[in-house]
Trainee: 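One structure, pasted below without further comment.
The sequence lines fix the lettering, A, B, ..., with proteins before strands; numbering per chain opens at 1. Keep in mind it's a predicted model, so treat the numbers as computed, not measured. Atom set for the values below is all heavy atoms of this structure, side chains included, hydrogens, waters and symmetry mates excluded.
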Amino acid sequence: MEILKTYKLFIGGAFPRTESGRYYKLENKQKQVIANMCLSSRKDFRNAVVAARKAVEGWSGRAAFNRGQILYRIAEILEGRKAQFVAELLLQGSTKSSAEKEVRLAIDRCVYYSGWCDKYQQLFGSVNPVATSHFNFSVPEPTGVVCVIADENTSLLGLISAILPIIVGGNTCVVLASESKPLCSITFAEVLATSDLAAGVVNILTGTSKELHTHFASHMDVNAIIYCRENAAEIKAIAELSSMNVKRSFVWNKDWFKAENENPYLIMDVQEIKTTWHPIENIGVSGAKY
Amino acid sequence: MSKIKKTFASYDAAPENTSHIDLKAQYDLFINGKFVKPQSKQYYDTINPATEKKIASIAKGNEKDIDVAVKSANKAFESWSKTEPKERAKYIYRIARMIQERAREFAVIETMNGGKPIRESRDIDIPLAANHFFYYAGWADKLDYAFPNRKPKPVGVVGQIIPWNFPLLMAAWKLAPALATGNTVVLKPAESTPLTALKLAEIIQESGLPDGVVQIVTGFGDAGAALVNHPLVNKIAFTGSTEVGKYIQKAVAGSNKKVTLELGGKAANIIFDDAPIDQALEGIVNGIFFNQGHVCCAGSRLFVQENIADKVIQKLKDRMKTLIIGDPMDKNTDIGAINSKEQLLKINNYIKIGLAEGAEMYQTNCALPSQGYFCKPTLFLHTAQSHRIVQEEIFGPVLTIQTFRTIEEVIEKANNIPYGLSAGVWTDKGSKIFNLTTKLRAGVVWANTYNKFDPTSPFGGYQESGFGREGGVHGLLPYVHF
Amino acid sequence: MVLQIQSPTIDQVGVEERVARLMTRSIKKESKLEGLKLALNMIDLTTLEGKDTVGKVKQMCYKAQHLADDIAGLPTVAAVCVYVNHVKTAKRALVNSGIKIASVATAFPSGNSSRKVKIEETKMAVANGADEVDMVISRGEFLQGNYNFVFDEIAAIKEACGPARLKVILETGELSTLDNVRKASDIAIHAGADFIKTSTGKIQPAATMPVTLVMLQAIKDHYDATGIMIGMKPAGGISTSKSALNYLVMLYETLGEKWMSNEWFRFGASSLANDIILQLGKEKYGAYYSMNYISKD
């Protein structure tokens with residue numbers, strides 16, 4: 001007798017069931033039930049935001065190099081559990097070759113972004129030659145808590161491709177996994193849980209965008225929202241509700257299999273530019289010794 | 001000897017010469033390279049807030065005018081976006097030079113129309129506006145170097161809506177990067193301060209910039225809304241209140257329009273006991289009384305370490321006695337007129353709220369002019385985070401003062417607002433500065449200085465203070481797509 | 001004692017910005033006229049040269065009393081400032097004029113001598129009739145961190161001054177930073193200076209507005225803490241009317257009206273008086289004036 005896996009949520013480093021007690025049946029093409037997925041509620045989302053907010057200070061405060069190490073470690077663990085992800089993708093209807101390709105790409109993407117952790121600042125920061133006797137520089141800083149409604153069409157690649165550029169830059173996130181292909185998201189959460197990623201940096205929910213997108217967009221303690229699907233009505237509703245707290249709102253409706261869709265400009269979408277000024281003695285226009 | 005003292009100390013009036021100012025009685029809309037009458041045929045009065053007297057009649061542009069303006073911009077985009085970048089740069093350089101040549105005239109008009117002291121319009125607003133055009137002119141033919149591995153393209157027609165606190169400077173902040181990147185523009189000045197933008201329109205006309213590249217449409221909120229909602233507009237850049245910013249963000253939802261918002265603020269200005277106290281004092285004064293406090297990044301929440309609070313407050317009170325409040329056109333005036341009657345009412349209402357909340361108020365006993373809109377520089381002592389005057393943007397010369405004991409406490413309180421535009425830190429210790437500048441959630445942090453601006457320096461907010469940056473290489477991004 | 005003096009740090013750029021702002025004050029009409037007269041009345045007319053002679057000192061003392069007799073209502077300068085050996089000459093020349101006699105002392109301008117010599121020189125200046133003594137601090141000791149030495153020396157000279165007022169020259173051009181200027185000001189004030197003074201005039205830069213502002217702020221802090229007024233004397237490099245008015249604006253806006261007299265503020269200058277007269281001449285004659293009408297003593 002095979003033991004079936006229970007898929008739960010991933011909030012604050014723990015794997016709770018939805019507080020609502022609700023679930024939805026995930027079926028394969030043959031209409032057989034593969035799993036009972038948690039149908040996350042508004043309250044689950046709220047709990048996840050609390051966990052994500054709590055994690056911001058620690059994660060953004062880590063050395064960039066260290067964030068890179070942790071992301072690379074995630075790639076290593078992913079590599080070790082490749083077969084499990086392929087199996088889940090097959091269960092969810094992928095062909096073998098596309099499943100293997102998706103997992104390969106997901107691992108490579110993880111390595112790719114781990115390398116960005118201590119580099120994007122140098123490309124997108126600046127030292128600004130102001131005309132007064134001041135030293136002036138601009139650096140990117142994380143926006144804070146970012147919500148994601150992940151790609152519907154892939155189970156692993158879209159999810160990872162959205163999460164990585166967010167956490168590379170020191171943000172934390174709450175992610176709603178693909179509704180029709182949610183399995184890899186929770187298995188990926190197990191990867192994260194066994195990595196050195198601190199609790200709350202990534203939080204993963206399963207459920208429906210239909211129910212949750214307005215809550216994602218209206219939550220006043222969320223700094224940014226990224227929507228990776230194509231429902232125009234949801235896109236508009238999210239953009240409108242985002243105005244409640246001037247939330248940064250982006251649509252990343254992308255083909256994640258394409259190489260061009262891994263790039264540092266995605267990292268910069270959820271970064272703020274901070275400019276710092278400080279006087280400099282005895283230079284430039286200040287002229288005389290004093 | 002006592003006679004000598006008295007006469008010197010009161011400084012005789014030193015009015016700026018206004019004889020060389022060329023103002024018309026009536027101003028029309030600047031659309032497609034020409035000044036045209038508004039379709040409504042209606043005009044409104046623009047006044048001098050220091051005298052309450054009318055200066056000129058201003059065209060009241062409406063939705064129809066905006067439509068014509070946007071279509072002109074859309075038509076001009078075809079050729080302007082394909083104009084050689086080097087040629088584009090030359091037009092912008094020329095505009096910069098022409099502003100410099102007519103700097104004094106611009107300064108006088110800015111002060112007349114907005115109430116800010118001539119010292120500020122002359123030394124800050126106008127030179128910075130010219131410098132901004134200079135800076136971005138140079139970017140026009142170097143854009144491929146600004147974005148690693150990308151080929152930037154202009155976004156199209158840009159709608160820009162600017163506020164009344166730095167009328168020409170904000171026009172420059174908006175126009176210069178938009179033109180350098182090859183966009184065409186419809187700009188709507190604030191209703192109370194249209195004059196320098198209209199003078200700029202004259203310069204743009206003289207400069208030979210192709211027709212339709214820039215339109216300047218004066219009017220009220222309905223014109224701004226029409227601009228935001230026009231289907232041919234590809235990007236909105238707005239500077240103003242958080243309330244209107246939220247309206248704009250909502251209005252463009254689902255439209256694919258790019259948006260940048262530079263909104264309100266309530267900045268913490270933090271003074272530690274090891275700060276260079278006398279310079280910090282100037283930073284406090286400049287932070288809140290610059291431009292009558294009509295500054296989104298004003299240092300309106302002062303945090304003083306408790307062990308030096310009495311000393312700092314006493315010095316601040318002494319320093320405030322030397323501030324000269326009055327005729328903005330006098331070269332010695334430090335604090336000019338409040339921009340409008342509505343704004344004065346708003347500020348006075350906040351002063352009432354502060355008193356009702358039990359905060360202790362301090363004002364110097366300076367005399368205010370009998371005409372015009374003026375407000376005494378005001379301190380509120382013994383305030384707390386829970387006070388409305390501490391939480392809400394007053395946009396006037398009103399400073400709230402709180403004391404603190406530890407670094408952790410002051411960081412927490414400084415960040416304890418929905419805004420995140422700017423902050424100030426004063427301490428002699430380098431590592432403490434970086435601790436704070438890293439943890440303060442604000443787009444601009446001034447350490448041992450305050451209210452500094454430069455075309456090369458990106459400016460913009462976190463959280464409800466908006467998104468996108470203006471100034472520097474980062475100020476190009478909002479005007480391109482890849 | 002010195003260890004208890006807590007000098008605040010100084011941000012140079014902030015000081016320069018404040019000065020730049022003060023310099024934008026526009027002083028016109030009556031306030032300009034009265035400001036110029038006040039400045040004239042604050043001058044310590046100075047000759048401190050190796051080639052000073054009795055004749056030169058006498059001529060300067062005459063000039064001090066008759067700045068420009070064709071312009072009515074002019075005040076005299078505040079004092080003449082000479083070396084110790086010319087104090088007697090000046091004293092005789094200025095009898096009943098109300099003009100004070102200041103003498104430099106303490107191995108001016110370097111200050112490199114023994115304390116004994118410095119005390120003797122100070123006593124001699126006072127005995128010869130000096131109303132004021134302008135001493136120099138030991139910059140070498142200061143820069144070595146021997147603040148107690150500097151403090152004790154000033155205190156000893158103050159004692160030697162007896163009834164004469166003591167002006168302490170910091171020679172800010174050798175102090176390198178505004179932080180040092182502030183520290184030296186605080187030491188001098190606490191050690192008993194009646195006035196603090198920027199420079200000997202022998203070292204560049206001499207008086208500057210940023211340096212003077214820092215010293216004025218030290219005076220203000222001392223006044224706020226103790227109620228005791230200390231005088232200020234920028235010296236060297238102030239030669240134009242416009243510059244003098246800038247200093248007066250800075251004085252007024254930093255220390256207030258109480259300090260606006262020659263009891264509390266002086267200009268150490270040799271050519272400033274004539275430039276002010278040039279300006280006042282313009283006011284009187286309604287046309288730009290010429291140095292040909294002004295005595296060059």
Trainee: Which one wins on heavy-atom pair count under 4.5 Å against chain C: B:Asp278, B:Val285, B:Thr449?
Mentor: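 Counting heavy-atom pairs under 4.5 Å, the top option is B:Asp278.
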
Trainee: Between B:Lys315 and chain C, with a heavy-atom cut-off of 4.5 Å, which part of the residue counts as in contact: side chain, backbone, both or neither?
Mentor: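 Only the side chain of B:Lys315 comes within 4.5 Å of chain C.
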
Trainee: Is it true that the NZ or CZ of B:Lys429 lies under 6.0 Å from the centre of B:Phe272's six-membered ring and within 45 degrees of the ring axis?
Mentor: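 Relative to the ring axis of B:Phe272, which defines the angle, B:Lys429 lies outside at least one limit.
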
Trainee: Return the set of residues passing side chain to side chain donor-acceptor pair (under 3.5 Å) with C:Arg165 (not counting sequence neighbours), or none when no residue passes.
Mentor: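 If we apply the side chain to side chain donor-acceptor pair (under 3.5 Å) test to C:Arg165, skipping adjacent residues, there are no hits.
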
Trainee: With a 4.5 angstrom heavy-atom cut-off, which part of B:Ala280 approaches chain C: side chain, backbone, both or neither?
Mentor: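 For B:Ala280, neither part sits under 4.5 Å from chain C.
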
Trainee: So among C:Lys100, C:Lys167, C:Lys197, which one has a salt bridge (charged side-chain N to carboxylate O under 4.0 Å, His left out) with C:Asp44?
Mentor: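 When C:Lys100, C:Lys167, C:Lys197 are each tested with C:Asp44, the salt bridge (charged side-chain N to carboxylate O under 4.0 Å, His left out) holds only for C:Lys167.
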
Trainee: Using a cut-off of under 4.5 Å on heavy-atom pairs, state which of B:Asn448, B:Asp318, B:Ile277 scores highest against chain C.
Mentor: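 Of the options given, most contacts go to B:Asp318.
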
Trainee: Taking only residues two or more places apart in sequence or in another chain, which ones pass side chain to side chain donor-acceptor pair (under 3.5 Å) with B:Glu360?
Mentor: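 In terms of side chain to side chain donor-acceptor pair (under 3.5 Å), with neighbours along the sequence ignored, B:Glu360 is linked to B:His382.
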
Trainee: With respect to B:Leu168, which candidate in B:Ile126, B:Asp125, B:Leu128 satisfies the side chain to side chain contact (heavy atoms under 4.5 Å, CB included) definition?
Mentor: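 Of all the options given, the one that passes is B:Ile126.
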
Trainee: Shorter than 4.5 Å, heavy atoms on both sides: which option in B:Lys331, B:Lys321, B:Arg319 has the most such pairs with chain C?
Mentor: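 Ranked by contacts with chain C, first place is B:Arg319.
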
Trainee: Give, as side chain, backbone, both or neither, the part of C:Asp179 having an atom under 4.5 angstrom from any heavy atom of chain B.
Mentor: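 Contact with chain B is absent: no heavy atom of C:Asp179 under 4.5 Å.
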
Trainee: Among C:Arg25, C:Lys29, C:Gln217, single out the residue with the greatest number of heavy-atom pairs under 4.5 Å to chain B.
Mentor: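 Greatest number of close heavy-atom pairs with chain B: C:Arg25.
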
Trainee: Select, from B:Lys311, B:Arg122, B:Glu282, the one with the greatest count of heavy-atom pairs under 4.5 Å involving chain C.
Mentor: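 Among B:Lys311, B:Arg122, B:Glu282, the one with the most close pairs to chain C is B:Glu282.
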
Trainee: Centroid separation under 6.0 Å, is that true for the rings of C:Tyr147 and C:Phe151?
Mentor: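 That pair fails the under 6.0 Å test.
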
Trainee: Which of the residues C:Arg182, C:Lys28, C:Glu17, C:Arg21 is involved in the greatest number of heavy-atom pairs with chain B at under 4.5 angstrom?
Mentor: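 If we count pairs closer than 4.5 Å to chain B, C:Arg21 comes out on top.
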
Trainee: State whether the side chain of B:Tyr450 and the backbone N or O of B:Gly299 hold a donor-acceptor pair below 3.5 Å, judged by distance alone.
Mentor: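 It does hold such a pair.
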
Trainee: Can you tell whether the side chains of C:Glu132 and C:Arg266 come within less than 4.0 Å, N to carboxylate O?
Mentor: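 Here C:Glu132 pairs with C:Arg266 in a salt bridge, since their nearest N and O are under 4.0 Å apart.
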
Trainee: Quick one: which of C:Leu245, C:Leu33, C:Val249, C:Val214 has the most heavy-atom pairs under 4.5 Å with chain B, could you say?
Mentor: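 Winner by heavy-atom pair count: C:Val249.
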
Trainee: When heavy-atom pairs shorter than 4.5 Å are enumerated against chain C, which of B:Asp273, B:Thr322, B:Asn332, B:Asp274 gives the highest number?
Mentor: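 Max contact count across the listed options: B:Asn332.
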
